[in-house]
Each structure stands twice: as structure tokens, then as C-alpha cells.
K.L.:
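For reference, the structure I am asking about is given below.
What you see below is based on every heavy atom in this structure, not just the backbone, and it leaves out hydrogens, waters and symmetry mates. Numbers here are sequence positions counted from 1.
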Amino acid sequence: MRSAQAPPTAATPRRGTAGTVPACDPPLRHPRGRIILKKTGELVVERGLATPEQVEKALVEGRARGEPLCTRLLAAGVDEGELVSVLSEKHGVPGVDLSRTAIALELLDLIPRAVAEGDLILPLSLEGDRLHLAMARPNDERVLAEVRFVTGLEASPYVACRGALLRDLNEAYAARARGVQLWRGNACVSGTPHIEAAIGGADVVDATDEIPDAEIVIEIETEPAAPERQGKGPVVLVVDDEAEIRKLVEKTLVSKGYEVVVAQDGADGLEKAERLAPDLVLLDAMLPKVHGFEACRRIKASPRTRHVPVVMMTAIFRGWRFAQDAKESYGAVDYIEKPFRLDDLLRRVEAALLSGGAPTSEATDEGALDPRVRHAKELLAAGRIAEAICALSEAVHADPHSADAQFQLGRALKAGGDAFGAMTALERAAELATGHLAALRALATVYEETGFRRKAAEVLERALPAAPDDAARSAIRRDLLRLIA
């Protein structure tokens, strides 16, 4: 039986008539100072979900009742999926429409009801060691850290409308107490246990009811033939709403022999991806019409393009957690933060094309090490630290994208007493190889020894998904508990 899928972002937002909106929340800003995320009320009005007067009324009522704007608008009948889309853009995380969600209620055993009600969280689905959570405050690291330690799982937040979350959390836990196996929002069509844009409350399937056969899916599909190509180089689809980025990336890729097709928004990108079935998609995360994460999900879900590797680019959703979610929940093979170096972009494009559409393993075969790196390791093992640092510096200069050269240089610098140089090299190794467990453990040790305990804990959290077995994960969790005790 198939479990509930990981929730995608909310449906494509509608654009409506803009108007003057009362002050709600302070806008977020781009690192360069340009406002990029608007106030909640402004987004609601722009998408045609409510008039400025209706927003003002909802704000006044919300202040009186202690409720946020979207909860009042939901109570007034505004579509939950559309409100979730607003919240997703506001908070910079994927959103979940609970009215179209199905949850296997055994997941609720992972988090006590008192904790769920106190922190306003609801388990949605479990993929391997990653628990997907509906949250009213998706950027609350305290809550996420608590979930990680309570469950021993990595946690991925999905923003939900607070009013819907309060309602459905209580219903789901009450249903679990009655022995119910599966909970559905009332707009979740039988046999469709995932999220779409919809409205409504919820209904419950009793434990004695038979779970619909439609949840057992066997697909037999014929892959359509790829279109004829005009040239001989791989075709790369570049989807970005900034013309300067499109031109820069196109010029760089064309100079290396790639064929490049560009698109300026998510809808245009999806149409061209489906029509062309390119060899690779470079996809910005923050796109108009269809959000980048949603576009990535659709590309990887389509029989025509599921084999196409997607590399996501972002200047907004920064940090390893977004990168991990983009890979694990949406199927991206890589994740690049802007501004990026063009040589690094080219390297990642080449690696993605070789990956065949699946996230690549970052572990390096010991026998494939650069001879200079292998020799430097021997020098380091013999205690000839200065010579090892010199040899590894040369290896890094020759190949700055070698994760193992950076890792060994970090080890050598640490042994030589240069903790801050070691941090730089080990961070670079972890950036180049997200699954480089040894680099992450060594980096955490250096941070702890230099007094940066919070950074050490953060690095150990990054190391958990890379742990190869339960014993390794348990050891990392013990170190985490020691750091935060």
C-alpha cells in the first residue's frame, strides 16, 4: 500500500487587481536590499483573493480574536489552497493545503498530542529518515530541533494556514485515539492521498473501513520519443525570471558547446520542458506563475521528463536544509545558491548530466584519489604536517572542486594548529560533497574545539542524513545531545 506522498508546494497563485493594503507584517528583503517578499495583505489583494477593504476588516477581527490574517480570511470562505500559496511565498517554504491531504495516522504516534498542540505541528508523511510536518511557524528552529530529538528523524517544514491546522490537528489526533487508520481532508478525493488546492473541512475513514484500492497503483507507461535536436550538444533549459541571469548562463553554456533554451517563468518552463524533453533543466526556485519547487516536482512526476536532471538555483531559499529538501522531496540532483561562480556552475551541470537524473553519490573512491592527495595523506600519517599542507595546497590549486583534496587539507591544517583555515577547507569539502560524512564530522569537531558549539550542532544535523547506518546515526545524535545539554 502506498503511503501519503510528501506534500508539494501550494497551487499556482492567481494574480488579481492590486490595491492599497493595510500594514500587516514587515517585508523581507533580498541580501542586496531589494524588497522581494511582500506583506501578506498585499499578496492577498494582488492575487484577487480579497479586496483591500476585506483585508482591513479581517485584520481588525483578527486583532480582536488573536488570529492572523489568513485564518480570518479562511473563516470568511477564501480558498485554503490560495491562502497556503500566499503563506508559502511569505515564509519562503513549501506549503500544504490540509483540506486535500491524507495522513496515515500511525505517524501521530511519533509526536505526543500535547507537543503537537503546543507547537502547532502535524505530521504529514515519512520518507526514509525524514518527517514532513505541517507547521504554523515553519521557520521556528526551536520546534524543528525539538522534533528531531523527540523522533530521531530529520524534519521538513511545510507552512499551513493556522486556522486549518488547529481544526485538523484536533480532528486527526481524536481519530487516532479511536483507532482510525487514515485521515483525509474533505476535499481529498478517495484514492488521491496528496495535496492540491481546495477548500473544506475533513472527514475520517474508520479503522474498519477498507482503504480504497486506488491507493495501490501500478503504472505501465511508454516513454515518448524525444524530439529531434538541431545540434549535437546537450540541450539545457534555463528557467529564470531575471533576464540578466538568463543571458549570463546562456552565454556561458553556449561557449562550452551546449544548446540552450530559455524560459522566463514557471509555466513557460514547464511547457518547454514537456515539449522539448531537454537533457538538463536549470531552474530558479523563485518564479512567477508556477513556483520553482512546484515546477521541479511536476518535471520529475511527468513520464516524459522524469528522467531529466534538474539543478535548482536560488538567491532566496538559502542553507543546507533547503538543498536537502530540494533533492529528497522534489527530485533535484543539485542546488546552487546565487551568486554562483561560473566555473562551479559548469562543473555542476556536467555532473548533473552524468547523473542520469538521480541525485549523485558524493563519496569518492579511495583508489581514484589524485596521486598528490594520496601522497599528502601518507605525509600526514607520518606526522610531516608542513609538507602535507604544501602538497595539499598544490592539489587544491590544481583542482579547486576536489572535495577530497579540500577535506585532507582541512585535516592537515587542523593538525598544524590552523583551526580557522581548517574550517574554510572543510566547509568547502562539505559544500562540494553533501554526503561527505567524514568532512562534516571533522568540521563539527573543529567548530566545537574553537567554541562555536551552535555551529557544531548545525553541522552534525547536516551529517545525520549522510550516516550510512543506525549506529552512525546514534553516534551523531549522542554528540548533538551533548552539545545542546
Side-chain angles (χ1 to χ4, degrees), residues 1-10 67-68 70-71 74-75 79-81 83-84 87-88 91 93-127 130-138 140 143-144 146-148 150-212 214-215 329:
M1 181 164 296
R2 190 179 62 181
S3 62
Q5 300 173 2
T9 53
E67 294 177 342
C70 285
T71 294
L74 179 66
D79 180 86
E80 183 179 339
L83 292 172
V84 165
L87 292 170
S88 176
H91 290 278
V93 300
V96 55
D97 177 354
L98 293 171
S99 71
R100 295 289 294 271
T101 304
I103 301 173
L105 291 182
E106 63 183 2
L107 290 175
L108 273 55
D109 297 342
L110 295 171
I111 298 177
R113 181 168 182 168
V115 173
E117 290 176 338
D119 292 332
L120 271 185
I121 55 178
L122 179 62
L124 296 170
S125 64
L126 183 63
E127 289 189 28
R130 182 170 294 273
L131 180 64
H132 300 276
L133 294 170
M135 300 181 64
R137 300 181 297 275
D140 191 332
V143 173
L144 291 170
E146 181 181 3
V147 170
R148 292 186 190 105
V150 167
T151 65
L153 301 167
E154 185 53 61
S156 294
Y158 293 79
V159 66
C161 184
R162 179 186 176 92
L165 185 55
L166 278 168
R167 174 198 68 209
D168 296 338
L169 185 155
N170 290 327
E171 288 187 6
Y173 273 92
R176 179 58 176 168
R178 298 195 306 271
V180 174
Q181 294 178 335
L182 186 71
W183 176 92
R184 288 190 183 90
N186 78 334
C188 182
V189 180
S190 178
T192 311
H194 60 276
I195 299 99
E196 302 279 356
I199 59 174
D203 62 44
V204 173
V205 178
D206 289 331
T208 56
D209 290 346
E210 185 176 359
I211 297 176
E215 292 192 62
S329 298

K.L.:
Strictly by modelled atom types, are Ser156 and Arg130 linked by a side-chain donor-acceptor pair under 3.5 Å?
P.N.:
yes
K.L.:
What's the shortest heavy-atom distance between Ile121 and Val143, and which atoms?
P.N.:
CG2-CG1, 3.8 Å
K.L.:
Mind listing the closest non-hydrogen atom pair of Asp140 and Met135 along with its distance?
P.N.:
O-CE, 4.4 Å
K.L.:
Indicate the atoms forming the closest heavy-atom contact of Leu87 with Cys161, along with that distance.
P.N.:
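In terms of heavy atoms, the two residues are closest at CD1-CA, 3.7 Å.
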K.L.:
NE2/His132 to CD/Glu154 distance, rounded to the nearest 0.5 angstrom?
P.N.:
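His132 atom NE2 to Glu154 atom CD measures 10.5 Å (nearest 0.5 Å).
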K.L.:
Identify the heavy atoms of Leu122 and Leu169 that sit nearest to each other, and give their distance.
P.N.:
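That would be CD1-CA, 4.3 Å.
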K.L.:
Is there a side-chain contact between Asp168 and Trp183 in this structure, where contact means two heavy atoms from C-beta onward sitting under 4.5 Å apart?
P.N.:
yes
K.L.:
Is there a donor-acceptor contact under 3.5 Å from the side chain of Glu67 to the main chain of Gly163?
P.N.:
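No; judged by distance alone, with no hydrogens or angles, the pair does not exist.
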K.L.:
Heavy atoms only: give me the nearest Leu133-Pro123 pair and the separation to one decimal.
P.N.:
CD2-CA, 3.8 Å
K.L.:
Between Arg113 and Asn170, is the side chain to side chain contact (heavy atoms under 4.5 Å, CB included) condition met? List the steps.
P.N.:
CA-CA 9 Å; Arg113 181 168 182 168; Asn170 290 327; 3.6 Å; yes
K.L.:
A side-chain contact here means heavy atoms from C-beta on lying under 4.5 Å apart; do Ile103 and Leu124 qualify?
P.N.:
yes
K.L.:
Minimum heavy-atom separation for Ser125 to Leu107, with atom names?
P.N.:
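Reported closest heavy-atom pair: CA-CD1, 3.4 Å.
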K.L.:
For the CZ atom of Arg137 and the CG atom of Leu120, what is their distance to the nearest 0.5 Å?
P.N.:
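Spacing of CZ (Arg137) from CG (Leu120) equals 5.5 Å.
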K.L.:
Once rounded to the nearest 0.5 Å, what's the spacing between atom CZ of Arg176 and atom CD of Gln181?
P.N.:
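Rounded to the nearest 0.5 Å, the CZ-CD separation comes to 8.5 Å.
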K.L.:
Would you check if Glu117 and Leu166 make a side-chain contact, meaning some heavy-atom pair closer than 4.5 Å?
P.N.:
no
